[in-house]
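Per chain, numbering begins at 1; letters A, B, ... match sequence-line order. Here the structure is a predicted model, which is why all the values come from computation and not from measurement.
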2 protein chains.
Amino acid sequence: MNQPITAADKTFIALRDDIVEGRIEAGSKLSETELSTKFAVSRAVIREAINRLESCHIVERKANVGARVVALSPQGLIELYQVRESLEGMAARLAAKNMTDEEIADLGALLQSHFDEVKGGESYYQEAGDVDFHYRIILGSKNKHLISMLFDGIYHLVRMYRVQLGMAGPRVTTAYDEHKHIVQAILNRDAELAEMLMRRHILYSKNSIEHKLS
Amino acid sequence: MNQPITAADKTFIALRDDIVEGRIEAGSKLSETELSTKFAVSRAVIREAINRLESCHIVERKANVGARVVALSPQGLIELYQVRESLEGMAARLAAKNMTDEEIADLGALLQSHFDEVKGGESYYQEAGDVDFHYRIILGSKNKHLISMLFDGIYHLVRMYRVQLGMAGPRVTTAYDEHKHIVQAILNRDAELAEMLMRRHILYSKNSIEHKLS
DNA sequence: ACTTGCTATATTGTCGACAACTTGGTGTTA
DNA sequence: TAACACCAAGTTGTCGACAATATAGCAAGT
């Protein structure tokens, strides 16, 4: 869904953003009638939006009872990162095999632009930049399931945790070097190493976050 | 969803089975009106069922056009097994950490019952048994996302490929030994090894299937 | 006071009808 | 003949109303 077409598309995205950004608080109940007046659409549209949120694991539904926004917990965040480690590790492995030379060159250029920012004295490492880096590698895997699971499912949840637990994006200091090594491995078409480095990268990330939480 | 409650639940499962078993052929279009008469429910119910099928990646939907059953391709099967390798590898790793001693003992007992069958002269290795083995390890990971992705999403697709490309279940000869080694690694709480063995197990599986296809 | 059963209310699930959109076909024009 | 605009039929998207189900509160009995 590149462009939202139907009312259900737009409502889904609006609702998802409201939840991820915390405007609708975690754990709260989603009333269909209430939302349908708020968004000025019929309940059918709201129901479809909620169904899609459920398949993203952003809400949980019980038959004849209703839908609740998922509750955030340290355990939940850990589980999320375990899945990321697994999936993005595989993505890096496949990217090393499947990315075109041009795509790899572009990735290198992106990294260079990050370096220019980091070099500029302050350790300014945009979350957007980090996300973009991971995006490209995941896309580079050329595996539909991998891409869909991460983009449609996991990433919004990760963002929800980031926003609501108030993390200031990923670690600044060492992440750049880790990215650099990953790109190098992909450039060398060393799938094995690329996977290992990506897994470590995400593991470090997880540890850093766990540390902040405690 | 342990028990189907609503009409949408039942229709979803019925439709999914029809597709997985090939009674509705891969690549064909799903007409909402047609299905609603066939299943004797309203279009709203059909739409919800189709939406759920879409989140399982069993059908693809385009706005204002409709839904089609996914097309099967060798490439698609490979991509599926790449994801399985990644996710189930992680599941085995986590299972080695998180399964209780009792659960591991049960798993060992299951394996023993398989051995008894194999020993009985013929190399009879039920698909159901294999699936059960993998199920337990995935459940043993205690990771909600892993469990949901595999059970609700990947496994039905794998089954769809198995049924429609006419594979007689998993390989018979070596799979038992591989299972045995995996259980041993879990028993030793060797997470690293458990993951590696599971990944290899699935990789072999993939190679075997690729071989049959060519 | 505590439990049990009922009722009232509110919410979700399902339905049929209408609106909006896609698509294939037809006729017109260069 | 090819290209284009338009129309018609059928499909999907959206809506409001009704049916089925859960939940909270109250009443009655022990």
Taken to the nearest whole Å, NZ/Lys29(B) to P/dT22(C) is 14 Å
Between Leu30(B) and Ser42(A), the residue closer to the 5' end of DNA chain D by nearest nucleotide is Leu30(B)
In whole angstroms, the gap separating P of dA20(D) from NZ of Lys10(B) amounts to 13 Å
Among the nucleotides dT22(C), dT12(D), dA22(D), whichever has the atom closest to the side chain of Arg47(B) is dT12(D)
- Task: Scan Ala44(A) against the nucleic acid and name what it touches under 4.0 Å (heavy atoms): base, sugar-phosphate only, or nothing.
- Result: base
Considering only heavy side-chain atoms of Val45(A), the closest of dT12(C), dT14(D), dC15(C) is dT14(D)
Tested for salt bridge (charged side-chain N to carboxylate O under 4.0 Å, His left out) against Glu54(A), the lone hit among Arg61(A), Lys62(A), Arg68(A), Arg16(A) is Arg61(A)
Winner on side-chain proximity to Arg43(A), out of dT11(C), dA17(D), dC15(C), is dA17(D)
Between CD1 of Ile46(A) and C1' of dG16(D) the distance, given in whole Å, is 15 Å
Asn51(B) CG to dG13(D) C1', in whole Å, measures 11 Å
Set out, in order, the CA-CA distance, both residues' side-chain angles and the distance that settles side-chain contact (heavy atoms from CB on, under 4.5 Å) for Leu150(B) and Tyr135(B), then state yes or no. CA-CA 9 Å; Leu150(B) 285 162; Tyr135(B) 266 33; over 6 Å; no
Ion pair check, Asp17(B) and Arg23(B), cut-off under 4.0 Å:
no
Between Arg47(B) and Glu48(A), does the salt bridge (Lys or Arg N to Asp or Glu O under 4.0 Å) criterion hold? Intermediate values first, please. CA-CA 9 Å; Arg47(B) 279 176 70 80; Glu48(A) 176 160 348; 3.4 Å; yes
In whole angstroms, the gap separating C1' of dT23(C) from CZ of Arg68(B) amounts to 13 Å
Picking from dG13(D), dT14(D), dG13(C), the nucleotide nearest the side-chain atoms of Asn64(B) would be dG13(D)
Checking dT23(D), dG13(C), dG13(D) against the side chain of Glu32(B) (C-beta onward), the nearest is dG13(D)
Assign each of Lys62(A) and Ile5(A) the nucleotide of DNA chain D bearing its closest heavy atom; nearer the 5' end lies the nucleotide of Ile5(A)
